Amino acid sequence: MTLTEKILAKASKRTKVSPGDNIWVDTDILLTHDVCGPGTIGVFHREFGKNARVWDPYKIVIMPDHYIFTSDSLSNRNVDVLRTFAKEQGLPYFYDVIDDPQGTWKFDPLKGSLRRQYGSLYAGVCHTALPEKGHVRPGEVLFGTDSHTCTAGAFNQFATGIGNTDAGFVMGTGKLLIKVPPTIQFYLDGELQKGVMAKDLILHIIGEIGFDGATYMAMQFEGPGVFTLSIEDRMTIANMAIEAGAKNGIFPADQKTIEFVKQKTLKNGTKKEFEVVELDKDQHFFASHVIDLCQIEPTVAAPHNPGNRKKAKELSSIKIDRAYLGSCTGGKLSDFIAFASILKNQAVSVDTFAVPSTPEVVDQLYKIQLEGQSLWDILTKAGVQITENPSCAACLGGPLDTFGRLNKPQVCISSTNRNFPGRMGDKTSQIYLASPLTVAASAITGRITDPREFL
Ligand SMILES: CC(C)[C@H](C(=O)O)[C@@H](O)C(=O)O
């Protein structure tokens, strides 16, 4: 069996499952957020009753993260619905945006001043925050009401996005009926070259198979190249499995995975026994691709789908109005480090926005230094507008007052995950998806630029 089949077999208490089998699986974690949480809660109450209790309060994680820092009253109401529900149900893992609805500014000793509009519990973008807060473990089944839930496949687990109806059902029963997906193998060899990031690799792969090339399939990444990738690289790759239509993306576990999971679960009091799922010798794949990481070049997805693959160097005539760094895909700490490595002692020539994915990333921006300057200082000196409020922000447009939103027709290069029309706001804007290095290089020159020109 493939990694996905092995996890699903265990979760359905079977010795073997095959692609196409419809099986009931037990859920380890159900994740929801402010956009889909209220709908999920509505389905849960409608189907299980007004006074129903969730199946297991310790297995539900609620992380508001999408439309958080906005004056839009409907968005704010969504968070209120989550808050009320978490209180009623006694949910220990509700990562509220604020501690005290009356007072939201805090003194920050790192900066020596008041900052942030969020409280001590706020976790940031759910797909980055979930592992950071110790809610992912190899071998487990994670369902989330968000298509990028597949990010957690980086940790050797079955992680997939589901709709509110399914999530309402999981909330009440802890179970879900799913069809076992066929698996496509991506066998990675070699190592990514300087100037090339995990984002380039996944854009390359989506370009290869098409943005529907893995519809309802598992994308399994293996081979020696996998172990050269950092945990955050693997998250970027698994995160965009859905952009090829995949049910999930999945990686084998190594020492990096085990150490990461142990450290985060210990720190956050979520430590549980887990069993790594090993690769079988005779797996059956729907298809198999071998990829030499050394051959990957800075890659861009041109408008209007993530599979519209071009090399960055082929697009040097495209002028941009805006550059954007952020989201579950491109707002992690390693994304900021890469971004700052190019922007050090440089200046951006177009409006450039950066949104950290979690409060932890914000803290590290002040702490981590490159040649004596903090990442925060490097970026602000280069002219980047950074917010200290981590959220999904303009990755998916959001209310008009969303930080970095495209409020007029613009050409934007972005480290995010989708470039559909209207995705970042204005419907006629053009979005080019790229790695943080390519976004930084392009922000300096004002046109799409291969970052190797700056190395
Ligand atoms: C809001 C949510 C349903 C959506 C998703 O599922 O992906 C969003 O996170 C996105 O990235 O488009």
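Whatever order the structure lists ligands and atoms in, that order sets their numbers, starting from 1. No experiment lies behind these values; they were computed from the predicted model shown.
- Relative orientation of the Phe260 and Phe155 rings is tilted, given thresholds of 30° and 60° on the angle between their planes.
- The two residues Ala302 and Lys310 come nearest to each other via the heavy atoms CB-CG, 4.2 Å.
- Ligand 1 lies under 4.0 Å from heavy atoms of Val35, Cys36, His66, Asp146, Ser147, His148, Leu396, Arg418, Arg423.
- Taking the six-membered ring for Trp and the full ring otherwise, the centers of Phe143 and Phe169 sit at least 6.0 Å from each other.
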Could you go through the side chain to side chain contact (heavy atoms under 4.5 Å, CB included) check for Thr329 and Thr416 one step at a time? CA-CA 6 Å; Thr329 315; Thr416 54; 5.6 Å; no
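- The aromatic rings of Tyr93 and Tyr58 lie perpendicular to each other, with more than 60° between the two planes, well past the 30° mark.
- In this pair, Phe186 and His289 present their aromatic rings parallel. The plane angle is below 30°, not in the 30 to 60° band.
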